[in-house]
Amino acid sequence: MGALRFILAMSVAYGHAGDFLGFPLIPGDTAVQCFYAVSGFYMALVLNEKYRAESSSYYLFISNRFARLFPAYAAVLCITLVVGALASPELPFISRWHSLTALDWWSATFLIGSQILMWGQDLYFYLTLKAGALVFWPDFHTAPEPIVPLLVIPQGWTLGLEFSFYLIAPFLVRRSSVLIVTVLAASVVLRLFLQLAGYAGDPWSYRFFPSELAVFLLGALGYRVYAAARMERSDIRERPPRIAHAQSGVLHSGPVQMFFLAVVCVGAALLINRWNGLTRVASVTFFMLAVLAIPFLFRASRNWGFDRLLGELSYPIYICHILVIWCLDRMLVWGPSYVRGFTILAAVIALSSALYWLIDRPIDAWRQRRFDRERVPLSTRVPAPQPGL
């Protein structure tokens with residue numbers, strides 16, 4: 001699973017570096033939606049196995065998730081601001097902030113606060129400035145005064161969707177598969193309804209959280225497949241050999257079928273939602289295959305240390321790669337495009353490794369100590385009844 005996350009992150013960096021080999025790898029929207037599904041799987045895993053309702057609190061889960069994302073984000077934000085203050089010519093967001101007219105207090109608070117706290121940056125694609133105030137605008141491409149260029153970390157908008165999912169995940173992924181599928185279906189129907197109403201393409205095709213919720217929940221259903229397979233193996237080991245052999249593969253066929261059908265339905269909706277010919281068929285096919293593979297990749301690689309390290313680098317790669325592109329393009333004079341491209345990717349991996357070892361790894365150790373410390377008092381409580389799986 002870690003290798004998949006690493007490939008997805010590097011594909012986004014490759015795309016932003018200009019597809020320097022002359023052909024695209026994984027399209028950016030496809031890679032981002034694969035990340036959503038992976039996130040749904042991991043949140044279902046930790047909420048059902050680590051942050052269980054009877055031994056931890058909602059606050060502990062949410063605050064630990066914030067602590068997981070914020071430190072590396074804050075480091076890149078600060079470095080980018082310093083680079084922006086020193087860079088000549090200016091970075092894109094600096095000139096855009098300089099050109100702003102006077103803002104009302106609410107708009108200024110939102111624009112600054114959302115970039116400090118991460119949450120809400122996805123809303124930049126649905127807003128424009130008018131007379132110093134933020135107003136709804138359905139297509140940022142045609143907005144009279146778009147606010148997307150104000151993002152200091154342009155790719156940070158995905159963190160808004162991620163954190164929105166974290167806020168509701170404890171109320172969804174611990175519940176029955178029927179409820180998960182119902183919410184997933186409602187999200188798909190909303191996506192298609194918006195398209196019929198004229199809200200199709202970017203940003204509605206992969207930045208609008210209510211319709212992207214279906215993609216997160218695909219990952220949660222993938223966790224049910226993984227959990228059912230694990231339960232079956234445990235159950236079979238306790239049965240006589242003949243019965244175990246006869247029933248092998250039967251117990252978890254239901255979750256697999258439900259998962260497969262959900263992936264097909266979401267894939268069909270994504271194909272319709274942003275149709276652009278055979279290229280779209282290829283990207284949606286990759287998305288479906290990647291999502292279907294998630295529970296099996298996790299099962300195969302969960303004990304591989306190197307695979308885990310690759311996965312841990314994916315978030316720093318994602319959050320720092322545009323900063324690296326900005327810096328290197330201002331520092332160096334390039335020759336062939338492939339020299340520029342490979343230099344950028346190498347520098348992205350180097351900076352990501354530094355962020356992981358110096359920031360993410362110590363913070364993760366602190367998060368684990370905090371979890372171990374704060375779940376103990378809760379474990380003495382009477383266990384709360386758990387919804388059926």
Phe136 atom CZ, over 12 foreign heavy atoms within 6.0 Å: yes

Salt bridge Arg68-Glu312, side-chain N to carboxylate O under 4.0 Å: yes

Distance-only donor-acceptor check, side chains Trp204 and Asp139, under 3.5 Å: no

Aromatic centroids of Phe110 and Trp106 separated by under 6.0 Å: yes

Worked check of side chain to side chain contact (heavy atoms under 4.5 Å, CB included) between Trp304 and Leu309: CA-CA 9 Å; Trp304 297 355; Leu309 176 60; over 6 Å; no

Exercise: do Ser56 and Glu374 side chains pair donor with acceptor under 3.5 Å: no

Worked verdict on Tyr315 versus Tyr356 for ring-ring contact (aromatic ring centres under 6.0 Å, His included): CA-CA 9 Å; Tyr315 175 61; Tyr356 170 66; over 10 Å; no

Residue pair Val12 / Ala31: nearest heavy atoms and the distance that separates them: CG2-CB, 3.7 Å

Exercise: do Ser164 and Trp119 side chains pair donor with acceptor under 3.5 Å: yes

Non-hydrogen atoms of Trp275 and Val281 that approach each other most closely: CZ3-CG2, 3.6 Å

Side-chain donor/acceptor of Gln33 to backbone N/O of Phe287, under 3.5 Å: no

Pair Arg174, Asn48: side-chain N/O donor-acceptor within cut-off below 3.5 Å: no

Heavy-atom side-chain proximity of Leu151 to Gln121 below 4.5 angstrom: yes

No-hydrogen, no-angle side-chain donor-acceptor test under 3.5 Å, Trp326 and Thr80: no

Non-hydrogen side-chain atoms of Phe208 and Leu161 separated by less than 4.5 Å: no

Side-chain donor or acceptor of Arg340 paired with backbone N/O of Ala17 under 3.5 Å: yes

Chi angles and distances behind the salt bridge (charged side-chain N to carboxylate O under 4.0 Å, His left out) call for Arg361, Asp364: CA-CA 5 Å; Arg361 189 176 174 88; Asp364 281 344; over 6 Å; no

Val284 versus Gly267, closest heavy-atom pair with distance: CG1-O, 3.3 Å

Residues Arg369 and Asp372 bridged, charged N to O under 4.0 Å: no

Validation row, ring centre Phe20 to ring centre Tyr14 under 6.0 Å: yes

Whether Arg96 side chain and Pro146 backbone form a donor-acceptor pair below 3.5 Å: yes

Between Trp157 and Tyr206, ring centroids under 6.0 Å: yes

Glu212 and Arg191 ion-paired at < 4.0 Å: yes

Heavy-atom donor-acceptor pair, Ser211 side chain to Leu190 backbone, under 3.5 Å: no

Contact summary for Ser187 and Ala214, nearest pair of heavy atoms: OG-N, 3.1 Å

With sequence neighbours excluded, residues passing ring pair (Phe, Tyr, Trp, His ring centres under 6.0 Å) with Phe41: Phe298

Audit row: Lys50, Gln368, side chain to side chain contact (heavy atoms under 4.5 Å, CB included) steps and yes/no: CA-CA 11 Å; Lys50 181 177 180 180; Gln368 183 59 49; 2.9 Å; yes

Residues, nucleotides or ligands: over 12 heavy atoms within 6.0 Å of Arg370 CZ: yes

Donor-acceptor pair, side chain of Gln115 and main chain of Gly156, under 3.5 angstrom: no

Heavy-atom side-chain contact between Leu217 and Val181 under 4.5 Å: no

Heavy-atom pair with the smallest gap, counting every atom of Val135 and Lys130: CG2-CB, 3.9 Å

His321 (side chain) donor-acceptor with Tyr318 (main chain) under 3.5 angstrom: yes

Ile349 backbone acceptor or donor facing Ser353 side chain under 3.5 Å: yes

Heavy-atom neighbours of Phe260 CZ exceed 12 at 6.0 Å: no

Between Ser107 and Asp104, a side-chain donor and acceptor under 3.5 Å: yes

Side-chain touch Pro92/Pro149, heavy atoms, less than 4.5 angstrom: no

Ser114 and Tyr124: side chain donor to acceptor below 3.5 Å: yes

Ile153 vs Ile322 side-chain heavy atoms within contact, under 4.5 Å: no

Row check, Phe125 ring normal vs Arg207 NZ/CZ: under 6.0 Å, within 45°: yes

Heavy-atom closest pair, residues Phe93 and Leu81: CE1-CD2, 3.9 Å

Check: Phe371 ring centre within less than 6.0 Å of Tyr51 ring centre: yes

Interatomic spacing from CG in Asp360 to CG in Leu313 - rounded to 0.5 Å: 9.0 Å

Val348 reachable from Leu332 in the ILVMFWY side-chain graph, under 4.5 Å edges: yes

More than 12 heavy atoms of other groups within 6.0 Å of Tyr58 OH: yes

Transitive ILVMFWY side-chain link Val76 to Leu328, under 4.5 Å: yes

Joint cluster assignment, Val256 & Val264, ILVMFWY side-chain distance < 4.5 Å: yes

Check: Phe163 and Ile62 side chains under 4.5 Å, non-hydrogen atoms: yes

Test side chain to side chain contact (heavy atoms under 4.5 Å, CB included) applied to Leu8 and Leu4, step by step: CA-CA 6 Å; Leu8 293 173; Leu4 173 63; 4.1 Å; yes

Tyr199 atom OH, neighbour heavy-atom count above 12 within 6.0 Å: no

Basic-acidic side-chain contact under 4.0 Å: Arg302, Asp307: no

Test item: Ser314 side-chain N/O and Phe6 main-chain N/O as donor-acceptor pair under 3.5 Å: no

Test of ring centre spacing under 6.0 Å for Tyr223 and Tyr42: no

Residues, nucleotides or ligands: over 12 heavy atoms within 6.0 Å of Tyr338 OH: no

Ile180 vs Arg224 side-chain heavy atoms within contact, under 4.5 Å: yes

Same cluster (ILVMFWY, side-chain, under 4.5 Å), Met331 and Phe342: yes

Salt bridge present between Asp29 and Arg280 (N-O < 4.0 angstrom): yes

Any side-chain heavy-atom pair of Phe216 and Leu218 under 4.5 Å: no

Donor-acceptor side-chain pairing of Glu162 and Tyr166 below 3.5 angstrom: yes

Phe35/Thr158 under side chain to side chain contact (heavy atoms under 4.5 Å, CB included): CA gap, chis, key distance, verdict: CA-CA 10 Å; Phe35 268 124; Thr158 59; over 6 Å; no

